[in-house]
Amino acid sequence: MRPGVYSLTLQNFRSYESFSIEPMGENVIFFGENGAGKTNLLEALSLFAPGRGLRRARLADMLHHKGHAPKWQLDISLFNGHGLINLSTTGHISPQKERRTCESFGKSEKTLNALAKYTALGWITPQMDRLFFEGASVRRRFIDQLGTALFTGYADMLSQYDNLVEEWSKVRSGPFEPQWLKAIEVQVATLGLNLTEKRLQLSYLLNDKIGQRASNFPKAQILLQGESEQLISTYPQAQAEEMYLKTLAGTLAALDETSTPPIGPHKTNVLFHHVDKNIPANLCSTGEQKSLLLAIVLAFAELMKEYGTGVPVLLLDEAVAHLDTTRRTHLFEEIKDINVQTWLTGTEMLSFKEAQTMARFFHVLPGKAEEVEVKRGFL
Amino acid sequence: MQSAELQHLIQLLAKLPGLGPRSGRRAALHLVKNKQTLMHSLMVSLKEVYDKLLSCSTCGNLDTSDPCGICTDPRRENSSICVIESVADLWALERTSSFKGKYHILGGVLSIQQGNTPDKLTIQTLVDRVAAEKPQEVILALSATPEGVTTTHYLVDALKSYPVTVTGIAHGVPIGGELDYLDDGTIYAALKERRPYSS
Ligand SMILES: Nc1ncnc2c1ncn2[C@@H]1O[C@H](COP(=O)(O)OP(=O)(O)OP(=O)(O)O)[C@@H](O)[C@H]1O
Ligand SMILES: [Mg+2]
Ligand SMILES: [Zn+2]
């Protein structure tokens, strides 16, 4: 028995009024026509990580249209190698506000960040094809999603940092004593450097892993650039903190509530590089970019297994569509080797032909999914 | 279906921490069934506390006298003041009977997003107390959240011109905690606050 998702239940979520599946930790392949509801199922799984899920949608948009209840609910049962972990998350929707809560073992948790204790989710979606062209914040979010899955406390650190930055901007533009701002800045510097250090550690781990893996996918390299990265790699802790504080205190930018600190992990630039070709990822072909992303996520899956404390699960939405038969076969083989539960989607059953011995197949139809017995022979 | 009065009672009870609509109904039913023994004494007790409840103008504690029982207790030491966020924290510390000094309730921690500016907290009162009572030690026992730590820094700064030792409670490995399961921030804090074992 390997760690993974043993069962998943949806209520009033997206196109599903009620839905249940029990993959028992095995790999899952969802196939079905456009609009059948495949991505919706992966989105449901992605909501067992802190954050807004793989579509970053509003909670109200996830509520089943025909349902009358003001909430949707997802339940999951995970095997972590020792026992079963039951998690549940609920989207509460009212005209005034929407709110997502989570429970573990039937007890409500204080924040969604608690989910990161139990799960380590990595995913690829078709939208991420644009990752290398989008603004830096999208690429930071990608890295932070990986950090959340890999390190305990990372999610808390992120929310605390965001919160502090907001405090900094507001206190700085308000009529308050300078000591308050100073006290906040000490915190911003400490947390900012801690977060930067964690991100750097993540990039080192990933780059090493990508370098060491015997993979048929092109090797990617992740580079983090920014002033706080510069400080950490150049100076010892105390000195870095002092210089960070100096930069913060010397801010001359406009005094309004929206100005952010001039230095810190919120300004980091994340660069991806195609190692063999020695060119930045944004200059690669569409297929090459997809392969780079897969290389990163596959290496990450291996890291999650080694370092993460949560149950590792990989979600690959439409990841095989752009791949030729050889690359597809390689992907399936590597998934098998890494041995982390992986959920894949695609419109054609045929594109998963080479995966027939390593996954359970489900035909997704509006509102339901029917298992197709393929292990005994494909087509 | 219950009457409007009973419904109202259930709704009120349901708002109590730890309860909810179902436990609210159960509690109401229990009161109704024990009208003389429980409901009446609860009523009397509620009214008594309601009439007498005061916020201590010295430390901010809630009690039926001002200054409160702790501030006027001759057995408590004047040499140290423990700064905490709320009455709940005071009760938590008192449960352990581990602190023999006096308290100072801040009323929260600095957070502009929650409207907790320095003037909304009892920071000035604390500074005045330190000036007047001349304690040897002020113990800052605030949450280990960024806002809590910000407030701690702020208070250290505000008290730096007084002849008083300002200390903070330790943050780190909880009793019974295994290192392997702690997050990096906790381990970092615990390591930073290490201390020598006296031989
Ligand atoms: N809140 C909702 N309530 C009901 N149906 C919804 C809701 N949100 C989305 N849908 C429906 O879900 C369907 C889309 O599902 P999904 O994106 O999972 O499809 P898919 O199988 O991944 O398709 P594709 O192959 O095109 O990616 C659409 O038909 C959409 O109308
Ligand atoms: Mg889809
Ligand atoms: Zn008092």
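Every heavy atom of this structure was used, including side-chain atoms; hydrogens, water molecules and symmetry mates were not. Letters go in sequence order (proteins before strands), and every chain restarts at 1.
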Next item on the list: Assess whether atom CZ of A/F105 is packed by more than 12 heavy atoms of other residues, nucleotides or ligands within 6.0 Å.
Entry: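 Count over threshold, so yes.
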Next item on the list: Give a yes or no on whether A/K209 atom NZ has more than 12 heavy-atom contacts from other residues, nucleotides or ligands under 6.0 Å away.
Entry: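 Count over threshold, so yes.
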Item checked: Under 4.5 Å from any heavy atom of chain B - which part of A/L164 -> side chain
Item checked: Heavy-atom proximity to chain B below 4.5 Å, by part of A/V186 -> side chain
Any idea which donor-acceptor pairs are under 3.5 Å between chain A and chain B?
| from | atom 1 | to | atom 2 | distance (Å) |
| --- | --- | --- | --- | --- |
| A/N163 | O | B/Q113 | NE2 | 3.2 |
| A/N163 | OD1 | B/Q113 | NE2 | 3.0 |
| A/N163 | ND2 | B/E147 | OE2 | 2.4 |
| A/E167 | OE1 | B/I112 | N | 2.8 |
| A/E167 | OE2 | B/S111 | OG | 3.3 |
| A/E167 | OE2 | B/I112 | N | 3.1 |
| A/E167 | OE2 | B/Q113 | N | 3.0 |
| A/E167 | OE2 | B/Q113 | NE2 | 3.0 |
| A/E177 | OE2 | B/Y154 | OH | 2.6 |
| A/K198 | NZ | B/D184 | OD2 | 2.2 |
| A/Q237 | NE2 | B/Y188 | OH | 3.3 |

